[in-house]
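Attaching a single structure in structure tokens format; questions to follow.
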Amino acid sequence: MTTKPPLRAAVIGVGHLGRFHARVYSELPDVELRYVVDIDPVRAASAAQQYGGEPLTDHREILDDVDIASVVTPTHTHHPIARDLLDAGASILLEKPMTMTVWEADDLIQIARNRKAALQIGHIERFNPAYRAARDLIREPIFIECHRLTSYAFRGTDVSVVLDLMIHDLDLILDFVFHYPPPSIEAVGVAVLSGNTDLANARLHFPGPGGRTECIANLTASRVSPSPMRRLRVFQRDLYVSMDFLQKKVYVFRKKDGIDPARLDPQQLANLSGLSGDLALGQLMDIREMSVAGTDALKDELSAFVAAVRNGSPPPVTGEHGRRALATAVEIDREIQRFLTARFGEQGPGPARGERE
Ligand code: NAD
């Protein structure tokens with residue numbers, strides 16, 4: 001039996017998130033972390049010291065010496081770096097949002113196809129154990145509510161909060177309502193600290209046959225919030241699922257068998273109305289907390305990427321998946337711009353001029 005040599009790996013960009021990629025590659029069997037690359041030589045050297053690999057400052061030096069690479073640089077650099085690597089035949093894990101524009105995304109998908117290289121996009125919430133536990137319960141959602149709020153981190157601000165944070169929830173929603181045509185969109189947003197949209201709300205109407213709205217998704221994302229939250233709730237006719245990605249908890253609510261609120265007798269209702277909200281609800285609904293395995297989502301994500309490269313199978317989050325989330329995010333940003341222009345004139349999404357001057 002012949003054993004294959006380990007995959008030669010690199011991480012491009014070892015800032016906040018890239019260091020974690022380097023750690024995981026250094027721990028994965030079957031992978032040799034060969035390079036850590038950052039235009040900041042101090043960061044490259046520090047990552048190399050901690051996780052191994054040769055520190056470099058220019059990804060173009062490694063093109064003929066890697067099989068796989070994670071691209072974990074600011075979004076505006078994704079397209080040129082990913083293009084160089086794919087062109088050289090390397091498979092890549094490209095962080096989200098995959099690119100700044102849909103044109104750039106299409107370009108990378110095409111190159112990956114031509115070079116038969118794997119292109120996986122870093123939509124890590126697909127590997128969040130709470131999503132994995134709940135995914136199979138989601139069948140015909142009618143209403144979806146997402147909240148993704150963080151404090152201001154001074155990173156990711158080369159793009160709006162829609163491309164930075166909301167895109168995680170867009171990817172999840174499009175994972176389970178993929179069969180619908182593109183939604184119509186209403187959106188509002190405001191720039192608070194970054195000069196780019198920092199707080200946004202979007203309402204997506206997914207049309208069914210005949211153009212009727214079949215499902216509505218309401219998404220709020222903020223990177224200027226004092227308290228973090230990453231929650232997605234799905235309402236269906238038969239049940240309601242609440243996923244908390246931060247706490248890694250899932251609750252499922254179902255109406256109890258035989259309960260018909262229209263037929264509850266007055267004495268039953270009088271008894272229930274004397275109970276506290278939770279207890280009363282418990283009489284009418286089955287409320288179950290699902291067990292959620294405590295896994296390392298980044299390790300699962302990179303292991304799935306390595307397995308796809310090894311087996312020559314499509315990665316779990318493809319370039320096409322990244323592209324559809326990006327296309328929706330770009331459209332939301334356009335809607336925000338349209339809203340602000342209609343509301344305030346040509347000044348765009350920045351702080352209201354009258355308030356600043
Ligand atoms: P960061 O600013 O902490 O790190 C980026 C690093 O890239 C820096 O060290 C910088 O010096 C380096 N860099 C910039 N240009 C480079 C180039 N041309 N070549 C090599 N290195 C270069 O940013 P971050 O928070 O780590 O985010 C990086 C990427 O990861 C972004 O695309 C962001 O959207 C994404 N991200 C994804 C998640 C997730 O949940 N999947 C979370 C955070 C960030």
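In this chain, numbering begins with 1 at the start of the sequence shown. This is a predicted model, so every value here is computed, not measured.
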Next on the checklist: Is it true that Arg19 and Gln50 share a donor-acceptor pair across their side chains at a distance under 3.5 Å?
Outcome noted: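 On atom types as modelled, these side chains qualify, holding a pair under 3.5 Å.
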Checklist entry - Is a donor on one side and an acceptor on the other found under 3.5 Å between the side chain of Asp158 and the backbone of Thr75? => result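 Flag set: sc Asp158 to bb Thr75 pair under 3.5 Å.
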Checklist entry - Name the one of Leu108, Val72, Ile121, Val71 that satisfies side chain to side chain contact (heavy atoms under 4.5 Å, CB included) with His78? => result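 The single option meeting the side chain to side chain contact (heavy atoms under 4.5 Å, CB included) with His78 is Val71.
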Item to check | Minimal non-hydrogen separation, Ser194 against Arg223, with atom names | outcome: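 It is OG-NH2, 3.4 Å.
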Item to check | His59 side chain to Asp84 side chain, donor-acceptor N/O pair below 3.5 angstrom | outcome: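 A donor-acceptor contact under 3.5 Å links the two side chains.
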Checklist entry - Do Glu335 and Arg203 sit within salt-bridge range, that is, some charged N less than 4.0 Å from a carboxylate O? => result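 Looking at Glu335 and Arg203, the cut-off is not met.
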Item to check | Point-to-point distance, once rounded to the nearest 0.5 Å, from CG of Asp64 to CZ of Arg8 | outcome: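 Separation between the atoms: 8.0 Å.
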Checklist entry - Does the side chain of Cys146 come within less than 4.5 Å of Ile173's, by heavy atoms? => result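 Yes, side chains in contact.
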Checklist entry - Do Asn196 and Thr157 have side-chain N/O donor and acceptor atoms under 3.5 Å apart? => result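 Checked: Asn196/Thr157 side chains show no N/O donor-acceptor pair below 3.5 Å.
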Item to check | Full working for salt bridge (Lys or Arg N to Asp or Glu O under 4.0 Å) between Asp244 and Lys249 | outcome: CA-CA 5 Å; Asp244 188 326; Lys249 283 182 187 287; over 6 Å; no
Checklist entry - Between Leu93 and Tyr51, is there a shared hydrophobic cluster once you connect ILVMFWY residues whose side-chain heavy atoms come closer than 4.5 Å? => result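 Linked, Leu93 and Tyr51 end up in one cluster.
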Item to check | Minimum heavy-atom distance Pro129-Ala293, with the two atoms named | outcome: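 Taking every non-hydrogen atom into account, CB-O, 2.9 Å.
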Next on the checklist: Between Arg310 and Leu7, does the side-chain contact (heavy atoms from CB on, under 4.5 Å) criterion hold? Intermediate values first, please.
Outcome noted: CA-CA 9 Å; Arg310 274 286 185 219; Leu7 293 170; 3.8 Å; yes
Item to check | Salt-bridge criterion met for Arg323 and Glu320 (N-O under 4.0 Å) | outcome: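 Answer for the salt bridge query: no.
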Item to check | Heavy-atom closest pair, residues Pro141 and Gln236 | outcome: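 Pro141 and Gln236 have their closest heavy atoms at CA-CG, 3.8 Å.
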Checklist entry - Going by distance alone, is a donor N or O of one side chain under 3.5 Å from an acceptor N or O of the other, for Gln110 and Asp107? => result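 Short answer, no.
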Next on the checklist: Would the distance check show the side chain of Arg43 and the main-chain N or O of Val14 forming a donor-acceptor pair, the cut-off being under 3.5 Å?
Outcome noted: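 No; judged by distance alone, with no hydrogens or angles, the pair does not exist.
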Checklist entry - Just by distance, do the side chain of Asp198 and the backbone of Val224 share a donor-acceptor pair under 3.5 Å? => result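 Here the side-chain-to-backbone pair does not exist.
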Checklist entry - How close do Leu86 and Ala112 get, heavy atom to heavy atom, and via which atoms? => result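 The answer is CD2-CB, 4.1 Å.
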Checklist entry - Should Ile68 and Phe305 be marked as a side-chain contact (heavy atoms from CB on, under 4.5 Å) after you check the CA-CA gap, both sets of side-chain angles, and the distance that decides it? => result CA-CA 9 Å; Ile68 59 172; Phe305 169 56; 3.9 Å; yes
Next on the checklist: To the nearest 0.5 Å, what is the distance between OH on Tyr25 and CG on Leu33?
Outcome noted: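 So the OH of Tyr25 and the CG of Leu33 are separated by 9.0 Å.
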Item to check | Name of the residue among Arg135, His123, Met243, Arg126 meeting side chain to side chain contact (heavy atoms under 4.5 Å, CB included) with Leu172 | outcome: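 Exactly one candidate clears the test, Arg126.
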Checklist entry - What closest approach, in Å, do Leu63 and Ala88 show between heavy atoms, and which atom pair accounts for it? => result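 Shortest heavy-atom contact: O-CB, 3.6 Å.
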Checklist entry - Got a second to check how far Thr197's OG1 is from Leu340's CG, nearest 0.5 Å? => result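 Atom-to-atom, Thr197:OG1 and Leu340:CG are 7.0 Å apart.
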Checklist entry - So, Asp296 side chain and Lys299 main chain: donor-acceptor pair closer than 3.5 Å or not? => result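 Yes; judged by distance alone, with no hydrogens or angles, the pair exists.
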Checklist entry - Any side-chain heavy-atom pair from Thr328 and Pro182 closer than 4.5 angstrom? => result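 A side-chain contact under 4.5 Å is absent here.
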Checklist entry - Do Ile62 and Val306 share a hydrophobic cluster (ILVMFWY, side-chain heavy atoms under 4.5 Å, transitive)? => result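 No.
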Next on the checklist: Can a side-chain donor-acceptor contact be found between His321 and Asp171 if the only test is distance below 3.5 angstrom?
Outcome noted: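 On atom types as modelled, these side chains do not qualify, holding no pair under 3.5 Å.
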Checklist entry - Which pair of heavy atoms, one from Val31 and one from Ala9, lies closest together, and at what distance? => result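 Closest approach of Val31 to Ala9, heavy atoms only: CG1-CB, 3.7 Å.
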Item to check | Asn311 side-chain N/O to Ser313 backbone N/O, donor-acceptor pair under 3.5 Å | outcome: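 No.
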Next on the checklist: For Asp238, run the side chain to side chain contact (heavy atoms under 4.5 Å, CB included) check against Lys255, Arg139, Glu140 and tell me which one passes.
Outcome noted: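 Exactly one pass, corresponding to Arg139.
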Next on the checklist: How about CD on Glu61, more than 12 heavy atoms from neighbouring residues, nucleotides or ligands closer than 6.0 Å, or not?
Outcome noted: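 For Glu61, atom CD is crowded (more than 12 foreign heavy atoms under 6.0 Å).
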Item to check | Cys215 side chain near Ile144 side chain, heavy-atom distance below 4.5 Å | outcome: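 Of all side-chain heavy-atom pairs linking Ile144 with Cys215, at least one is under 4.5 Å.
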Next on the checklist: Test of understanding: clusters of I, L, V, M, F, W, Y form through side-chain heavy atoms closer than 4.5 Å, transitively. Do Val317 and Val24 belong to the same one?
Outcome noted: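 The answer is no; the residues belong to distinct hydrophobic clusters.
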Checklist entry - Roughly how far, to the nearest 0.5 Å, is CZ of Phe206 from OG of Ser184? => result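 Reported to 0.5 Å precision, the distance equals 9.5 Å.
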Next on the checklist: If you define the side chain from C-beta out and look only at heavy atoms, does anything of Met290 sit under 4.5 Å from Leu137?
Outcome noted: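 Contact flag for Met290/Leu137 side chains = yes.
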Item to check | Candidate pair Glu214 and His205, rule side chain to side chain donor-acceptor pair (under 3.5 Å), full reasoning | outcome: CA-CA 7 Å; Glu214 292 216 337; His205 296 247; over 6 Å; no
Checklist entry - What do the steps show when you test Asp87 against Arg115 for salt bridge (Lys or Arg N to Asp or Glu O under 4.0 Å), and what is the final call? => result CA-CA 7 Å; Asp87 246 343; Arg115 300 291 301 169; 5.3 Å; no
Item to check | Glu145 side-chain N/O to Val234 backbone N/O, donor-acceptor pair under 3.5 Å | outcome: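 Such a contact is absent between Glu145 side chain and Val234 backbone.
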Checklist entry - Do you reckon Phe176 sits in the same ILVMFWY cluster as Leu174, going by side-chain contacts under 4.5 Å, direct or chained? => result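 Yes, it is one cluster - the side chains of Phe176 and Leu174 are joined through contacts under 4.5 Å.
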Next on the checklist: Does any part of the side chain of Glu54, heavy atoms only, come nearer than 4.5 Å to the side chain of Arg34, both counted from C-beta?
Outcome noted: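 Heavy-atom side-chain distance check fails, nothing below 4.5 Å.
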Checklist entry - Applying the 4.5 Å side-chain criterion to the ILVMFWY set and letting contacts propagate, would Val241 and Leu232 be lumped into a single cluster? => result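 Yes, Val241 and Leu232 fall within the same hydrophobic cluster.
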Checklist entry - Side chain of His168, backbone of Leu165: donor and acceptor closer than 3.5 Å? => result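 Side chain of His168 to backbone of Leu165: no pair is present.
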Next on the checklist: Counting only heavy atoms not in Asp136 (residues, nucleotides, ligands), do more than 12 fall under 6.0 Å from its CG?
Outcome noted: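 Check fails, neighbour count at 12 or below.
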Next on the checklist: Is a donor from one side chain sitting under 3.5 angstrom from an acceptor on the other, for Ser160 and Asp333?
Outcome noted: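 Judged by distance alone, the side chains do pair up.
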Checklist entry - Are side-chain heavy atoms of Arg233 and Phe143 found at a separation under 4.5 Å? => result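 They are not in side-chain contact.
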Checklist entry - Heavy-atom distance under 4.5 Å between the side chains of Ile336 and Val188, does that happen here? => result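 Side chain of Ile336 against side chain of Val188, heavy atoms only: no contact under 4.5 Å found.
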Checklist entry - Short question: side chain of Glu104, backbone of Met100 - any donor-acceptor pair under 3.5 Å? => result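 The answer is yes, because a donor-acceptor pair under 3.5 Å joins these two groups.
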Checklist entry - Just by distance, do the side chain of Thr318 and the backbone of Pro315 share a donor-acceptor pair under 3.5 Å? => result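 Not at all, since once roles are kept as given, no pair shorter than 3.5 Å links the two residues.
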Checklist entry - Short question: side chain of Lys96, backbone of Asp164 - any donor-acceptor pair under 3.5 Å? => result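 Flag set: sc Lys96 to bb Asp164 pair under 3.5 Å.
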Item to check | Point-to-point distance, once rounded to the nearest 0.5 Å, from CZ of Phe245 to CD1 of Ile124 | outcome: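 Phe245 CZ to Ile124 CD1: 12.0 Å, rounded to 0.5 Å.
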Next on the checklist: Using the side chain to side chain contact (heavy atoms under 4.5 Å, CB included) definition, which of the options Leu326, Ile185, Leu204 pairs with Glu331?
Outcome noted: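 Going through the options one by one, the only one that passes is Ile185.
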Item to check | Phe20 CZ to Leu298 CG distance, which is reported to the nearest 0.5 Å | outcome: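 Taking CZ in Phe20 and CG in Leu298, the distance rounds to 8.5 Å.
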Next on the checklist: A side-chain contact here means heavy atoms from C-beta on lying under 4.5 Å apart; do Ile12 and Leu85 qualify?
Outcome noted: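 Yes; the side chains approach each other to less than 4.5 Å.
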Item to check | Step-by-step side-chain contact (heavy atoms from CB on, under 4.5 Å) determination, Val66 to Tyr35 | outcome: CA-CA 9 Å; Val66 287; Tyr35 300 103; 3.8 Å; yes
